[in-house]
Undergrad: 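Got a structure for you, written out below as structure tokens; questions coming shortly.
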Amino acid sequence: MADFNLVSELLQKGKAKDLSALVAGMLDEGVSANDILTNGLVAGMNVVGVKFKNNEIFVPEVLIAARAMNAALKILGPVLAKEGVEPIGTAVICTVKGDLHDIGKNLVKLMIEGVGIKVIDLGTDCDAEKVVNAVKEYNADIVCLSALLTTTMLYQKDIIDALKAAGVRDEVKVMVGGAPVTQAFADEIGADIYTSDAASAAEAAKAVLIGA
Ligand code: B1M
């Protein structure tokens, strides 16, 4: 039986090599990538979040766990994403300026790629100018903005304003997300789509592109 608890434990301890080997082995045994992600990795990161909040662990431990998560995502990525599919559109994705959290953004990227959308990843701490330039350069259909801090979520509006100022706001759909972001906030800042998790983000992006 698949040992999701071990996945969660290795993630919490930040054992990137052991975790990667375990994840690779589970995939070989036919365990679903989605189950490994949800029941092992995300479950483990939730425990890390609670301990961090309660001051039981601190930034270095969280960072080590996050590195292990990203290492495991590199192995899961190709399985989550469908290979050889003609892209149905192009998305530009980033974590907004002032914000270094990239795990949720990376998950959204993986899932969006999984539904056949080409993704241009601008990384973290991304300013509005970079987003505007990427939208123009890649003729993007969707802009995906992730924010994990109550302070940085406000910058999602700055990016929407910059898209308007550059005359490209009507050419793209803007999707916002991240733990502190809500539907009400998305409405308030004039985003087109809010989704609470990576799977819904991928479904919503696909629906926009194929008009479903
Ligand atoms: Co930070 N951090 N952190 N942190 N950190 C949180 C977010 C926090 C909630 C912890 C806490 O207090 N409980 C808190 C924010 C409080 C707030 O503002 N509300 C916090 C804080 C305060 C900070 C610092 C300020 C701490 C400090 O320095 N004193 C600092 C800020 C640094 C900065 O960004 N400038 C900081 C730093 C860090 C680390 C660098 C150590 C590390 C990040 C490493 C990395 O990402 N490479 C880190 C981590 C790991 C966390 C927690 C523990 C985990 C975040 C995570 O990866 N979750 C987090 C606590 C928590 O969330 N429980 C916390 C797993 C991930 C899968 O979930 O990113 O929410 P998430 O993504 C979800 C959804 O939100 C959604 O889909 C994903 C799942 O399906 N989603 C989208 C995300 N983006 C989306 C976009 C979409 C749609 C859906 O459309 C475009």
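When reading the values below, keep in mind they use all heavy atoms of this one structure, side chains included, and skip hydrogens, waters and symmetry mates. Counting starts at 1 for both ligands and their atoms, in listed order.
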Undergrad: Less than 4.5 Å apart, side chain to side chain, heavy atoms only: is that true for I103 and L41?
TA: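 No, every pair of side-chain atoms sits at 4.5 Å or beyond.
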Undergrad: Determine whether the side chain, the backbone, both or neither of M175 has a heavy atom under 4.0 Å from any heavy atom of ligand 1.
TA: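 The part of M175 near ligand 1 is both the backbone and the side chain.
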Undergrad: If hydrophobic clusters are built from ILVMFWY residues whose side chains come within less than 4.5 Å, do M45 and V59 share one?
TA: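 Result: yes, single cluster for both.
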Undergrad: Which bit of I193 is near ligand 1, meaning a heavy atom under 4.0 Å away: side chain, backbone, both or neither?
TA: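 For I193, there is no contact with ligand 1 at all, from either part.
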Undergrad: Determine whether the side chain, the backbone, both or neither of L107 has a heavy atom under 4.0 Å from any heavy atom of ligand 1.
TA: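 Side chain only.
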Undergrad: Would atom 52 (C) of ligand 1 count as contacted, meaning some protein heavy atom under 4.0 Å?
TA: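 No.
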Undergrad: Below 4.0 Å from any atom of ligand 1, is there a heavy atom belonging to A65?
TA: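 No heavy atom of A65 comes that close to ligand 1.
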Undergrad: Looking only at non-hydrogen atoms, find the nearest pair between A205 and M175 and report the distance.
TA: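 It is CB-CE, 4.2 Å.
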Undergrad: Within the distance-only criterion (no hydrogens, no angle test), does the side chain of Y194 pair as donor or acceptor with the backbone N or O of F185 below 3.5 angstrom?
TA: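 A pair under 3.5 Å: no.
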Undergrad: What is the nearest protein non-hydrogen atom to atom 35 (N) of ligand 1, stated with its residue, atom name and distance?
TA: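 The answer is G98 O, 2.9 Å.
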Undergrad: Between D121 and C94, is any pair of side-chain heavy atoms under 4.5 Å apart?
TA: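 No, their side chains stay 4.5 Å or more apart.
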Undergrad: Which protein non-hydrogen atom lies closest to atom 40 (C) of ligand 1, naming both residue and atom, and how far is it?
TA: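 Sorting protein heavy atoms by distance from atom 40 (C) of ligand 1 puts L63 CD1, 3.6 Å first.
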Undergrad: Write out the residue and atom name of the closest protein heavy atom to atom 26 (C) of ligand 1, then the distance separating them to 0.1 Å.
TA: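 Atom 26 (C) of ligand 1 sits closest to the protein heavy atom F52 CZ, 4.0 Å.
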Undergrad: Taking N or O atoms only and a 3.5 Å limit, does A201 qualify as a polar contact for ligand 1?
TA: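 A201 vs ligand 1: no N/O contact under 3.5 Å.
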Undergrad: N/O to N/O below 3.5 Å, does that happen between V62 and ligand 1?
TA: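 Between V62 and ligand 1, no N or O pair is found under 3.5 Å apart.
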Undergrad: Check this for me - ligand 1, A198, N or O atoms closer than 3.5 angstrom, yes or no?
TA: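 The answer is yes, given that A198 and ligand 1 share an N or O pair closer than 3.5 Å.
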Undergrad: Find all atoms of ligand 1 within a distance of less than 4.0 Å from any non-hydrogen atom belonging to D99, and give their numbers and elements.
TA: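 The list of qualifying atoms is 34 (O).
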Undergrad: For ligand 1, which atoms have a heavy atom of V59 less than 4.0 angstrom away?
TA: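 Within the 4.0 Å cut-off of V59, ligand 1 contributes 41 (C).
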Undergrad: S146 versus ligand 1: do any nitrogen or oxygen atoms come within less than 3.5 Å of each other?
TA: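 Yes: some nitrogen or oxygen of S146 is under 3.5 Å from one in ligand 1.
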Undergrad: Linking I/L/V/M/F/W/Y whenever their side-chain heavy atoms sit closer than 4.5 Å, directly or via other members, would V131 and I142 fall into one cluster?
TA: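 V131 does not cluster with I142.
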Undergrad: Verify, without hydrogens or angle tests, whether D99 (side chain) and L148 (backbone) share a donor-acceptor contact under 3.5 angstrom.
TA: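 The answer is yes, because a donor-acceptor pair under 3.5 Å joins these two groups.
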Undergrad: Check the hydrophobic clustering (I, L, V, M, F, W, Y; side-chain heavy atoms under 4.5 Å; chains of links allowed) and say if L122 and L107 are grouped together.
TA: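 No.
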Undergrad: Counting non-hydrogen protein atoms only, what is the nearest one to atom 88 (C) of ligand 1? Give residue, atom name and distance.
TA: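 For atom 88 (C) of ligand 1, the nearest protein heavy atom comes out as T195 OG1, 3.3 Å.
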Undergrad: Taking K118 first and then D141, would you say they form a salt bridge - that is, a charged N and a carboxylate O separated by under 4.0 Å?
TA: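 Salt bridge absent between K118 and D141.
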Undergrad: Under a 4.0 Å heavy-atom limit, does S200 contact ligand 1 with its side chain, its backbone, both, or neither?
TA: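 Answer for S200: neither.
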Undergrad: I'd like to check atom 9 (C) of ligand 1 in this structure: does the protein have a heavy atom lying under 4.0 Å from it?
TA: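 No, because not a single protein heavy atom sits under 4.0 Å from atom 9 (C) of ligand 1.
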Undergrad: Is P180 close enough to touch ligand 1? Criterion: a residue heavy atom under 4.0 Å from a ligand atom.
TA: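 Checking ligand 1 against P180, which is what was asked, there is no heavy-atom contact under 4.0 Å.
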Undergrad: Side-chain contact test, heavy atoms from C-beta onward, threshold under 4.5 Å: evaluate it for K51 versus Q12 and give yes or no.
TA: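 SC-SC contact between K51 and Q12 confirmed.
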Undergrad: Checking a contact table here: which protein heavy atom is nearest atom 45 (C) of ligand 1, and how many Å away?
TA: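 Minimum-distance protein heavy atom for atom 45 (C) of ligand 1 reads D102 OD1, 3.4 Å.
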Undergrad: Measure from atom 12 (O) of ligand 1 to every heavy atom in K105, R67, K53, M69 and give the option owning the shortest one.
TA: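 Among K105, R67, K53, M69, the closest heavy atom to atom 12 (O) of ligand 1 belongs to K53.
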Undergrad: Hey, looking at atom 16 (C) of ligand 1, which of V108, L149, L41 has the closest heavy atom?
TA: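 Comparing heavy atoms across V108, L149, L41, the nearest one to atom 16 (C) of ligand 1 lies in L149.
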Undergrad: Please tell me if atom 24 (C) of ligand 1 is touched by the protein, where touching means a protein heavy-atom distance below 4.0 Å.
TA: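 Not a single protein heavy atom is under 4.0 Å away.
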Undergrad: Taking N or O atoms only and a 3.5 Å limit, does N46 qualify as a polar contact for ligand 1?
TA: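 Between N46 and ligand 1 (N or O atoms, distance only) the closest approach is not under 3.5 Å.
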Undergrad: Let me check something: do I88 and I93 share a hydrophobic cluster, defined by ILVMFWY side-chain heavy atoms less than 4.5 Å apart, either directly or through other members?
TA: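 Yes: a chain of side-chain contacts under 4.5 Å links I88 to I93.
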Undergrad: Does the protein put a heavy atom less than 4.0 Å from atom 29 (N) of ligand 1?
TA: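 For atom 29 (N) of ligand 1 the answer is no, since every protein heavy atom stays at 4.0 Å or beyond.
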Undergrad: Could you report the tightest heavy-atom contact between I75 and L27, atom names first, then the distance?
TA: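 Where I75 meets L27 most closely, the heavy atoms are CG2-CD1, 3.9 Å.
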Undergrad: Does ligand 1 come near enough to L100 that some N or O of the ligand is less than 3.5 Å from an N or O of the residue?
TA: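 Such a contact does occur with ligand 1.
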Undergrad: Using protein heavy atoms only, decide if any is under 4.0 Å from atom 59 (C) of ligand 1.
TA: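 No; the ligand atom in question lacks any protein heavy-atom contact below 4.0 Å.
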Undergrad: Closest non-hydrogen protein atom to atom 70 (O) of ligand 1, residue and atom name please, with distance?
TA: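 For atom 70 (O) of ligand 1, the nearest protein heavy atom is L148 CD1, 3.6 Å.
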Undergrad: Measuring from atom 37 (C) of ligand 1, which candidate in H101, M153, K51 has the nearest non-hydrogen atom?
TA: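 Residue with the shortest heavy-atom distance to the ligand atom: H101.
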Undergrad: What protein heavy atom lies closest to atom 76 (C) of ligand 1? Include the residue and the distance to one decimal.
TA: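 Here the closest protein heavy atom is S196 O, 3.4 Å.
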Undergrad: Which atoms of ligand 1 have any heavy atom of D197 under 4.0 Å away?
TA: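 The list of qualifying atoms is 76 (C), 77 (O), 80 (O).
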Undergrad: Give a yes or no on whether the backbone of V174 and the side-chain of D192 come within a donor-acceptor separation of less than 3.5 Å.
TA: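 Looks like yes, one N/O pair under 3.5 Å.
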Undergrad: Between T95 (side chain) and H101 (backbone), is there a donor-acceptor pair under 3.5 Å?
TA: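 It does hold such a pair.
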Undergrad: Quick one: do the Q183 and D187 side chains pair a donor with an acceptor below 3.5 Å?
TA: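 Indeed, the side chains of Q183 and D187 share at least one donor-acceptor pair under 3.5 Å.
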Undergrad: Which atom names give the shortest non-hydrogen contact between L149 and G98, and what distance separates them?
TA: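 Taking every non-hydrogen atom into account, CD1-O, 4.3 Å.
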Undergrad: Which residue supplies the protein heavy atom nearest to atom 87 (C) of ligand 1, what is that atom called, and how far is it?
TA: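 Atom 87 (C) of ligand 1 sits closest to the protein heavy atom G177 CA, 3.5 Å.
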Undergrad: Of all heavy-atom pairs between S200 and T195, which one has the smallest distance, and what is that distance?
TA: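 Residues S200 and T195, closest heavy atoms: O-CG2, 3.6 Å.
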Undergrad: Applying the 4.5 Å side-chain criterion to the ILVMFWY set and letting contacts propagate, would V48 and L100 be lumped into a single cluster?
TA: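 V48 does not cluster with L100.
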Undergrad: From the options A91, G49, G178, select the one whose nearest heavy atom is closest to atom 81 (N) of ligand 1.
TA: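 Looking at heavy atoms only, the winner is G178.
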